[in-house]
There are 2 protein chains.
Amino acid sequence: MARQPEVKLPAELFRDLERSGPVPLYYQISNRLEDAITSGQLPAGTRLENEIALSERLGLSRPTVRRAIQELVDKGLLVRRRGIGTQVVHGQVSRKVELTSLNEDLRESGRRPATTVLVHEVVPADDAVARALVVQPGSPTLHIRRLRTADGTPLAILDNHLPEAYTDLDREDLQERGLYELLRERGVVFSVAKQVIGARHCTAKEAELLDVPKTSAALTMSRTAFDNNGMAIELGEHCYRPDLYSFEIMLVSR
Amino acid sequence: MARQPEVKLPAELFRDLERSGPVPLYYQISNRLEDAITSGQLPAGTRLENEIALSERLGLSRPTVRRAIQELVDKGLLVRRRGIGTQVVHGQVSRKVELTSLNEDLRESGRRPATTVLVHEVVPADDAVARALVVQPGSPTLHIRRLRTADGTPLAILDNHLPEAYTDLDREDLQERGLYELLRERGVVFSVAKQVIGARHCTAKEAELLDVPKTSAALTMSRTAFDNNGMAIELGEHCYRPDLYSFEIMLVSR
DNA sequence: TATGAGTTAATGTCAGGACAAATTGCCCGT
DNA sequence: ACGGGCAATTTGTCCTGACATTAACTCATA
């Protein structure tokens with residue numbers, strides 16, 4: 001099989017890089033490359049210029065260019081092979097898998113999310129919640145339960161537990177805006193989250209809230225999120241309508 | 001809040017690093033660090049030595065040490081904050097999310113997987129399969145359907161489609177060993193995979209195969225896997241018993 | 001006592017170079 | 001025509017060095 005010819009990347013892709021701005025150079029480059037790929041300007045299978053030529057042409061060091069490329073490899077947009085080069089992956093690409101909230105997901109895909117707060121109470125942590133949030137059993141936690149709709153259709157029931165520091169979250173705020181949005185506004189920087197996705201039958205109450213037949217299946221997700229301090233911030237127990245929602249995940253091996 | 005004291009990492013953690021072996025140095029370091037964390041030798045919240053001191057003590061450069069740490073940050077085991085240092089995350093997190101097969105997952109967790117091949121046929125690709133595998137509609141593909149059991153209990157129905165290059169996969173081999181194992185043996189190096197996880201009702205046939213009541217819920221996963229060449233290797237449509245299986249995912253934001 | 005500026009310590013970014021390893025493709029000899 | 005070996009190409013790893021940015025701590029001053 002003949003080797004793909006190298007493609008010289010158009011110079012205007014990398015015009016006006018801000019060398020002194022707050023945005024890292026490698027990030028600017030990877031962003032523009034990502035746009036070029038997702039927009040179809042660089043079709044699947046395209047073989048990029050090699051790292052050294054690219055770095056010389058941009059007036060940057062090879063590690064910087066290399067890091068930009070690595071970002072996209074991690075996202076599953078590019079594939080690197082030594083001795084060969086770097087190629088755009090075949091197959092209709094991706095959509096990144098990041099630590100996002102349902103609210104933001106829906107908004108990005110152009111739907112109108114709305115929320116009804118069903119429960120909003122400060123309760124002592126039971127054993128399971130205490131273990132997940134790494135707090136003392138019995139310590140005060142905020143328990144909220146929300147019904148999330150998209151374009152007026154019930155989509156999910158969201159049960160969340162938060163540790164003492166966040167028990168003062170306002171009920172009205174939660175009605176209007178997403179939990180993650182509110183937490184980020186308070187300075188929380190999310191770092192890692194552990195999710196478990198499963199399925200089961202709806203309970204009668206869930207079926208009623210979600211407006212589905214009593215015997216329906218439910219898609220469940222349980223998540224514990226940690227901030228960049230390594231502290232547990234949130235335990236979520238969510239229940240989705242499986243005909244309207246699914247999880248999309250991109251796995252990358254190294 | 002007082003700052004965590006720095007912990008001097010025990011020197012024997014890093015004895016006998018192979019400088020000339022085929023295993024990269026950063027990988028050796030990150031492996032040993034990972035072992036120390038998962039074994040509990042470095043408890044949650046421990047603040048590591050700073051990068052510069054560590055690199056000097058190991059006789060390595062800072063980028064090498066930094067890369068080793070980055071590996072563990074990506075796995076969700078460590079958290080870095082500039083101005084502060086690097087800490088082991090709170091919470092009993094771990095378990096990496098890699099591109100593994102169900103077979104390997106089960107074996108690792110100490111269960112005995114077994115497989116029955118229900119369907120093994122070469123058929124022309126229909127539109128959906130052709131689109132997923134990036135081949136011409138109507139081109140030959142291998143369709144297999146397997147029932148996977150663990151310790152004798154039915155666990156999942158696995159439907160897979162593979163492109164023409166792999167239509168000669170042997171039925172008896174598939175009975176004995178995992179699909180991914182066989183593909184790796186042929187030199188396939190998996191790179192990225194796109195998964196969609198959802199839920200629905202079992203069909204009557206699925207309920208019978210999985211030995212569950214007819215009205216049961218099913219956990220479904222659809223996956224397209226690509227090799228390091230960017231070529232689509234496999235399309236899987238899987239159906240799991242939700243009372244026996246769930247997906248565990250670790251999300252890391254940057 | 002409280003506030004604010006400066007100091008210190010740590011990670012984040014970037015440069016430039018060197019060699020190793022893998023893969024391809026060409027050339028040459030048979 | 002065919003196969004083997006060599007050279008070119010390209011990414012992988014590792015090094016040294018420098019400066020920027022952020023957060024915590026210290027200490028002087030109002």
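Below, chain A is the first sequence line, B the second, and so on; all start at residue 1.
At the phosphate of C/dG12, OP1 or OP2 sits under 4.0 Å from a side-chain N or O atom of B/Arg80. Between B/Tyr26 and D/dT13 there is a side-chain N or O to OP1 or OP2 distance below 4.0 Å. Side-chain N/O atoms of A/Arg62 include none lying less than 4.0 angstrom from OP1 or OP2 on C/dA15. Using a 4.0 Å cut-off, some side-chain N or O of B/Arg47 falls inside it from OP1 or OP2 of C/dA10. Considering only side-chain N and O atoms, B/Thr86 lies nowhere under 4.0 angstrom from the phosphate OP1 or OP2 of C/dA10. Taking side-chain N and O atoms only, A/Arg66 has no distance below 4.0 Å to OP1 or OP2 of D/dT11. The side chain of B/Arg19 places an N or O atom within less than 4.0 Å of a non-bridging phosphate oxygen (OP1 or OP2) of D/dC15.
Residue order along DNA chain C, read from the 5' end via each residue's closest nucleotide, puts A/Tyr27 first among A/Tyr27 and A/Arg81. Comparing A/Leu60 and A/Arg82 by the nucleotide of DNA chain C whose heavy atom lies nearest to each, the residue mapping closer to the 5' end is A/Leu60.
Distance A/Leu25 CG to C/dG12 P: 17 Å, rounded to the nearest Å. A straight line from CD1 of B/Ile29 to P of D/dT13 spans 13 Å, rounded to a whole angstrom. If you measure from atom CZ of A/Arg67 to atom C1' of D/dG12, you get 17 Å, rounded to the nearest angstrom.
An angle of 10°, rounded to 10°, separates the two end axes of the helix from C/dT1-D/dA30 to C/dT30-D/dA1, each defined over five pairs.
You'll find that the side chain of A/Ile52 is closest to D/dT11, out of C/dA10, C/dC14, D/dT11. Distances were taken from every side-chain heavy atom of A/Thr64 (C-beta onward) to each of D/dT13, C/dC14, C/dT13; the shortest belongs to C/dC14. Of all nucleotides listed (C/dT24, D/dT13, C/dT11), C/dT11 comes nearest to the side chain of B/Glu51.
Residues B/Gln70 and B/Tyr26 have side chains that never bring a donor and an acceptor to within less than 3.5 angstrom of each other.
Proximity of B/Leu142 to B/Tyr166: side-chain heavy atoms (C-beta onward) are nowhere separated by under 4.5 Å.
Residue-level contact check: A/Pro63 touches the bases, meaning some heavy atom is under 4.0 Å from a base atom.
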